[in-house]
Amino acid sequence: AAVRSRAEVDATLQTAKLNPAELLPVVHCLSFGPQAGGGECCLLQLEPGLCAELEAGRSLVIRGEKDEHAVLCSKDKTYDMKIADTSNMLLFVPGCKTPEELNADPSSCNIIHSQIAGFSKNYWELRRCRPKLKKLRKLLMEDPYKGPDSQKDQTSTFSKYTTEDLLSLIQASEEEILHQLQVIDACKIEGYWRILDFDYQMKLLNHVTQLIDSESWPLSKVPLCACLEELGSLEPREMIEHTLLSYGRKYVDDAGEVFFEMLEDKICRAVAQMLLQNAVKFNLSEFEEVWQQSVPEGMTTRLDQLQGLALVDKSSRPETIFLLKVEDLPEDNQERFNSLFGIRQKWTEVDITPYIRDLCAEKQTVGALLTKYARSSMLNGVKVYNSRRPIS
Amino acid sequence: PLLSHSAGTGALAQWVLVELQGEVEPRQSRDLPGSLLGDLHYTCEGVPVLIVGHHILYGKVVQLEKPFAVLVKQGGAPQPSPTEPHGHYTVTALIKTKLLFKTRPKPIITHVPKKV
């Protein structure tokens, strides 16, 4: 196709009765480039911060298997992707200058031939979302680590996952995945991320707490080296250290020695889980007695340590307690609420909060969630929440 | 799938979005690629003026609150479906500015037949 000339442009201006004196001297002659109709280009609307990340040379990743809705991940955030339709035609034009750019750099030419690279009536919209991390625990629970001895009997039919595997399978950013691995006390064994089988964890924790007791160490100052020395013959040193890291806070004293301050709440919680997992429910007062006796000397049990782990039924006589782990509940908001209302028809805010707190989006409150997914009423002078829809 | 920087090093290209109402159709029945769209002028005050066929469109320069990234699908695979963007993409350019043409086009009257 012949390239448009300045003379032709000027002729058009005359026909259009536009006064060249009122226009900037440079014209852009727009034509469709060779790839224009191909549909290989599309637009992605960027949330704040993503533009700067791209300009800094960082990548964005789209994650999702065929049966999942795709998400976009930056280094540390996850976004849902949705198509937005406009009723207008959007043309993307490389090398097209704005009036400011033209005024700032008066060039010698008065005609720019710009080729439209593509066009679209829609674009991808992003919305920040919670990283979809439930799958992470599910994958690692396929084959929990039960200790070095049991491994010999295992046929390796189970999948094991490296960091790269997890990055390609989990719809979350790298930072969110690595953070979650820490939260669930996963550890790397032979290059693969593993979750420790709970009973094995308790076995390890028992070794540590019994040693603390026999050595009369203060719970806030448990020495790493001595632990490894004393227990290294019973269990792998990495596992001893991992237990201390999971159930303690690491610090270094002035002499450069490594100590752990044992985490009372976390240890009491683990002991409670160990007791509760063996039956459907327990008499509350009996449980509280056994629980206090089972935790290490010097630690105090409190029911609020069990938020998101166990639920007390105050309506039964006698009062009972049963295991209900938030991580076993659905990840989707509506499904989570359906599940909770299936377990109990009416909830107080205090009881339900630990089981919905993780659903809150960036600036969302528990109250907002309850307004959206539940209906409130008064029961015996107390505000309770129940389902908006009938539960079968 | 990775959305990576196409050039590797160096700044990402800055493109401009031109937003028009309705459909874009070539005057002739030829294919779109290679065909002319029109002339884009700016007034001295910076108002974009687009002459498309027999129409004049007046628009405005808008700085986008949310810039766009232009994604190009790699590997000659089928078009990204509107529902699921699976596949490999490269970020080719960023768009921070758009020229919005929303006013009704003014037709250019080239020849008024004389009444006899």
Side-chain angles (χ1 to χ4, degrees), chain A residues 1 4 9 12-13 15-16 18 22-24 27-37 39-48 50-51 54-55 57 59-62 64 66 69-70 72 81 83 87-96 98-100 102 114 116-119 122-124, chain B residues 1-5 9 11-13 15-24 26 31-44 46 48-51 56 61 66-73 79-80 82-87 89 91-99 102 108 110:
Chain A
R4 205 158 153 73
V9 169
T12 302
L13 280 178
T15 312
L18 290 170
E22 289 169 4
L23 303 173
L24 295 183
V27 65
H28 290 82
C29 292
L30 303 178
S31 61
F32 288 91
Q35 303 293 322
E40 277 150 19
C41 264
C42 61
L43 291 176
L44 173 71
Q45 191 179 52
L46 299 172
E47 287 296 299
L50 291 179
C51 191
L54 285 171
E55 286 176 306
S59 301
L60 302 177
V61 186
I62 295 180
K66 293 245 162 42
H69 288 301
L72 183 114
M81 296 180 75
I83 275 280
S87 53
N88 294 339
M89 183 63 66
L90 306 170
L91 311 170
F92 350 130
V93 191
C96 178
T98 62
E100 268 152 6
L102 290 175
S114 295
I116 297 163
F119 57 90
N122 52 42
Y123 56 88
W124 289 106
Chain B
L2 202 64
L3 294 183
S4 54
H5 195 299
T9 53
L12 270 174
W15 292 2
V16 163
L17 202 67
V18 172
E19 185 169 341
L20 302 173
Q21 275 189 324
E23 298 287 336
V24 166
D31 285 343
L32 215 47
S35 69
L36 286 168
L37 173 69
D39 296 339
L40 171 66
H41 298 269
Y42 295 108
T43 67
C44 295
V49 182
L50 187 61
I51 306 176
I56 306 177
V61 178
K66 292 188 186 178
F68 284 99
V70 181
L71 311 185
V72 175
K73 189 140 193 190
Q79 289 189 29
T83 45
E84 296 304 336
H86 295 101
Y89 298 86
V91 176
T92 298
L94 291 176
I95 297 178
K96 295 184 182 175
T97 309
K98 80 173 172 185
L99 306 179
K102 254 173 129 186
I108 299 169
T110 53

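Keep in mind that what you see is a predicted model, and the values were worked out from it rather than measured. Below, chain A is the first sequence line, B the second, and so on; all start at residue 1.
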Ranked by heavy-atom pairs below 4.5 Å to chain A, first place among B:A13, B:P48, B:P67 goes to B:P67
Ranking A:C51, A:S87, A:P94, A:S31 by heavy-atom pairs under 4.5 Å to chain B gives rank one to A:P94
Heavy-atom pairs under 4.5 Å with chain B: which of A:L30, A:L90, A:L43 has the most? A:L30
For [X], is it the side chain, the backbone, both, or neither that has a heavy atom closer than 4.5 Å to a heavy atom of chain A?
X     : answer
B:T97 : side chain
B:A69 : both
B:K96 : side chain
B:V70 : both

If you define the side chain from C-beta out and look only at heavy atoms, does anything of [X] sit under 4.5 Å from [Y]?
X      : Y     : answer
B:I51  : A:L18 : yes
B:H41  : A:V9  : yes
A:L46  : B:K66 : no
A:L54  : B:L12 : yes
A:E100 : B:V61 : no
B:L17  : A:V93 : no

At their closest point, which heavy atom of [X] faces which heavy atom of [Y], and how far apart are they?
X     : Y     : result
B:L20 : A:N88 : O-CB, 3.2 Å
B:L40 : A:C96 : CD2-SG, 3.9 Å
A:H28 : B:Y42 : CE1-CE1, 4.1 Å

Sequence neighbours excluded, the answer for side chain to side chain donor-acceptor pair (under 3.5 Å) partners of A:S114 is none
Once you measure the plane-to-plane angle for A:F92 and B:W15, does it fall in the parallel (<30°), tilted (30-60°) or perpendicular (>60°) bin? parallel
How long is the straight-line distance from [atom2] of [Y] back to [atom1] of [X], given to the nearest 0.5 Å?
X      : Y     : atom1 : atom2 : value
B:E19  : A:M89 : CD    : CE    : 10.5 Å
A:I116 : B:L37 : CD1   : CG    : 4.5 Å
A:L60  : B:L71 : CG    : CG    : 9.0 Å

Would you please name every residue forming a salt bridge (Lys or Arg N to Asp or Glu O under 4.0 Å) with A:E22, sequence neighbours left out? none
